[in-house]
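A short worksheet on the structure shown next.
Labels below follow one simple rule: chain letters A, B, ... track the order of the sequence lines, proteins then strands, and each chain is numbered from 1. FYI, side chains are in, hydrogens and waters are out, and symmetry mates aren't considered; it's all heavy atoms of this structure. Everything numeric in this text was worked out from a predicted model, so none of it was measured.
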Number of protein chains: 2
Amino acid sequence: MAQSEHRLPVELFLDLDRSGPVPLYYQIASRLEQAILDQTLPAGARLENEVALAARLGLSRPTIRRAIQDLVDKGLLVRRRGIGTQVVHGKVTRNVELTSLYEDLERSGQKPETRVLSVEVVPADEAAVEALGVDPGSPVLHVQRLRSADGVPLAILDNVLPEQFTDLDREALEKHGLYQLLRARGVTMRVAKQRIGARAASAREAELLDLSRGAPVLTMARTAFDNSGVAVEFGQHCYRPDRYSFEVTLVDR
Amino acid sequence: MAQSEHRLPVELFLDLDRSGPVPLYYQIASRLEQAILDQTLPAGARLENEVALAARLGLSRPTIRRAIQDLVDKGLLVRRRGIGTQVVHGKVTRNVELTSLYEDLERSGQKPETRVLSVEVVPADEAAVEALGVDPGSPVLHVQRLRSADGVPLAILDNVLPEQFTDLDREALEKHGLYQLLRARGVTMRVAKQRIGARAASAREAELLDLSRGAPVLTMARTAFDNSGVAVEFGQHCYRPDRYSFEVTLVDR
DNA sequence: GACCCTCTACTGTCAGAACAACCGGACAAC
DNA sequence: GTTGTCCGGTTGTTCTGACAGTAGAGGGTC
């Protein structure tokens, strides 16, 4: 059986908004992604070639290419020179993105709750200096939280933030995710570097997470940077492994 | 202190090979990356603007943009419209890429060793069908290996491969990494979907990894797809967490 | 001094075009 | 039969050119 040439319905691309603020390539990418998600474009299907697509939609090839490239980077499409562009087999997985656990839970329909274990301004220790690039001894905010979902303890979140955020208070932290609070202050996270590992839970961690002593926990250390490249957050989290794991998609560029 | 305008030495870009097979944007990106790694471009430094760079190097702006974009995707640079492009603070970390553990170890100067625990052709079980998209009961290769580095056991690798690879033999698997063997057959991995978690080691795992019973292990389940979007490998690995962890860089596009 | 406006400097988006590299198959040559 | 060669189709690379959107700095007014 030959790979069926897949003819994309024109209707999918009919309502492009050329005057609005949403870039054309983004509109195309979104529609394509939706088509892949709901199997309108099944796994293995071949896309129409770039020049034809561009002509049919009345767009330039760079615009089409940009849209396709975004989906390639997401791991949804694969390109081969001389061959064409195809939909990747395998289920689509929701990836780790530059979001907080709080938002992840909300989006997946669970009800996140936060218990603030401690929040205090302390002089930066060596780890904070290293991760945040602040001066040794300068005031930083140290926050420890217990995050639950649907009433079940899920993770212990230990975060350090630089001086500009030392006025964040307990109440705000109980009600909202950390990233929400940062964004509300005009901070936009752009890059995060994470290290994911595992170890045995300490006695305190075991108690908080409702695990037996020495049980495995999944750990993640992260430093996040804003759009000017400056570190805005450093965190060490530990998760109940039976309730949480990380999904990552790798793409060879 | 104002952000110093950083003047990039022209010498860095003098030996561009315009006729060779290496794309210009790639040559630019490599040189820039090197400059960031060896602190020629220190953290926080502002790059010259795109148009000026293009003019100075005798290239077009799209070429420069492509080079910069690659480094943004790697988490090395940050762009802000109206402002410019800056080097991200924080140490550069070698990321998980589309490579096997074997190559990771080799590259970091350690000596990887492989002990093949079992290798056999079996009918595909449900998990294999699900992950690889093969027909139920079709023959697949099931490989179990113990990977050590510098004589210390590091991970247990459990992999399943589709029918076309059922002739891989024990000797080859002892001597080379799995991905090396696949590439040698003309397979090029392009996309991989991974799930990273943690759990307690089974009795057998503990013995193989030289851990105490019930000790935490770091787990990774991966499905890899080739350049036509077809699954070529499915693996479930477990690592000694004191010897291995994953590094991931996230970038907001 | 505080506020608003404009101006400047940058990145973001898009068009249109040309040629290179590559794949697969068909066909010719050996 | 095997190997080499060509050809059509497709993505990859690169260029030129233009305009839009955003942030910061500076100047003006109140």
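With respect to the salt-bridge test (charged N to carboxylate O, under 4.0 angstrom), the residues A:Arg66 and A:Asp70 qualify.
With sequence neighbours left out, A:Gln39 forms a side-chain hydrogen bond (donor to acceptor under 3.5 Å, both in side chains) with no residue at all.
Contact annotation for A:Pro23: backbone-only contact, meaning every heavy-atom pair under 4.0 Å involves sugar-phosphate atoms and none involves a base.
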Report task. Kindly determine whether B:Val232 and B:Leu161 satisfy side-chain contact (heavy atoms from CB on, under 4.5 Å), including the steps that lead there. Result -> CA-CA 6 Å; B:Val232 289; B:Leu161 295 97; over 6 Å; no
Report task. Using the side-chain contact (heavy atoms from CB on, under 4.5 Å) rule, take B:Ile28 and B:Leu16 through it: C-alpha gap first, then chi angles, then the decisive distance, then the call. Result -> CA-CA 8 Å; B:Ile28 304 281; B:Leu16 291 178; 4.0 Å; yes
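Counting to the nearest Å, the C1' atom of C:dG12 and the CD1 atom of B:Ile68 are 13 Å from each other. Protein atom CG of A:Asn227 is 17 Å distant from nucleotide atom P of C:dC10, rounded to whole Å. Whole-Å rounding puts the B:Gln86 CD to C:dT11 P distance at 11 Å. What separates CD of B:Glu48 from C1' of C:dC10 is a distance of 13 Å, to the nearest Å. Protein atom CD of B:Glu50 is 17 Å distant from nucleotide atom P of D:dT22, rounded to whole Å. The nearest whole Å value for the distance from the CZ atom in A:Arg253 to the C1' atom in D:dT13 is 14 Å. Distance, A:Leu53 CG to C:dA15 P: 13 Å, rounded to whole Å. Here D:dC15 presents its C1' atom at 10 Å from CG of B:Leu59, a figure rounded to the nearest Å.
Counting only heavy atoms from C-beta outward, the side chains of B:Leu47 and B:Leu41 approach each other to under 4.5 Å.
Under the 3.5 Å distance criterion, the side-chain polar atoms of A:Asn95 are left unmatched by any main-chain donor or acceptor of A:Glu97. Between the side chain of A:Lys193 and the backbone N or O of B:Lys91, at least one donor-acceptor pair lies under 3.5 Å.
Picking from C:dA15, D:dT13, C:dT11 the nucleotide with the shortest atom distance to the side chain of B:Arg65 gives C:dT11. Among D:dC15, D:dT13, D:dG24, the nucleotide with an atom closest to any side-chain atom of B:Arg80 is D:dG24. With D:dT14, C:dA15, D:dT11 as the choices, the nucleotide that has an atom nearest any side-chain atom of A:Ser60 turns out to be C:dA15.
A sub-4.0 Å separation between OP1 or OP2 of C:dT13 and a side-chain N or O of A:Arg66 is present. Phosphate contact (OP1/OP2 of D:dT13, side-chain N/O of B:Thr63, threshold under 4.0 Å): absent. Between B:Thr85 and C:dC10, a side-chain N or O to OP1/OP2 separation shorter than 4.0 Å is absent. Remark: B:Tyr25 is not in phosphate contact with D:dT14, judged by side-chain N or O atoms under 4.0 Å from OP1 or OP2.
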Using residues 178-185 of chain B as the side-chain source, report each donor-acceptor pair under 3.5 Å to any protein atom, sequence neighbours left out, with the distance given to one decimal.
{"from": "B:Tyr179", "atom 1": "OH", "to": "B:Arg222", "atom 2": "NE", "distance (Å)": "3.3"}
{"from": "B:Tyr179", "atom 1": "OH", "to": "B:Glu233", "atom 2": "OE1", "distance (Å)": "2.7"}
{"from": "B:Gln180", "atom 1": "OE1", "to": "B:Gly177", "atom 2": "N", "distance (Å)": "3.1"}
{"from": "B:Arg183", "atom 1": "NH2", "to": "B:Glu103", "atom 2": "OE1", "distance (Å)": "3.3"}
{"from": "B:Arg183", "atom 1": "NH2", "to": "B:Glu103", "atom 2": "OE2", "distance (Å)": "2.1"}
{"from": "B:Arg185", "atom 1": "NH1", "to": "B:Gln164", "atom 2": "O", "distance (Å)": "3.3"}
{"from": "B:Arg185", "atom 1": "NH1", "to": "B:Asp167", "atom 2": "OD1", "distance (Å)": "3.3"}
{"from": "B:Arg185", "atom 1": "NH2", "to": "B:Asp167", "atom 2": "OD1", "distance (Å)": "3.0"}
{"from": "B:Arg185", "atom 1": "NH2", "to": "B:Asp167", "atom 2": "OD2", "distance (Å)": "3.0"}

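Projected onto DNA chain D by closest heavy-atom contact, A:Val51 and B:Arg61 fall at different nucleotides, the more 5' of which corresponds to A:Val51. The nearest heavy atom of DNA chain C to B:Gly84 and to A:Val22 marks one nucleotide each, and the one closer to the 5' end goes with B:Gly84.
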Polar atom pairs between nucleotides 4-9 of chain D and protein, under 3.5 Å, N or O only, would you list them?
{"from": "D:dG9", "atom 1": "N2", "to": "A:Gly82", "atom 2": "O", "distance (Å)": "3.4"}

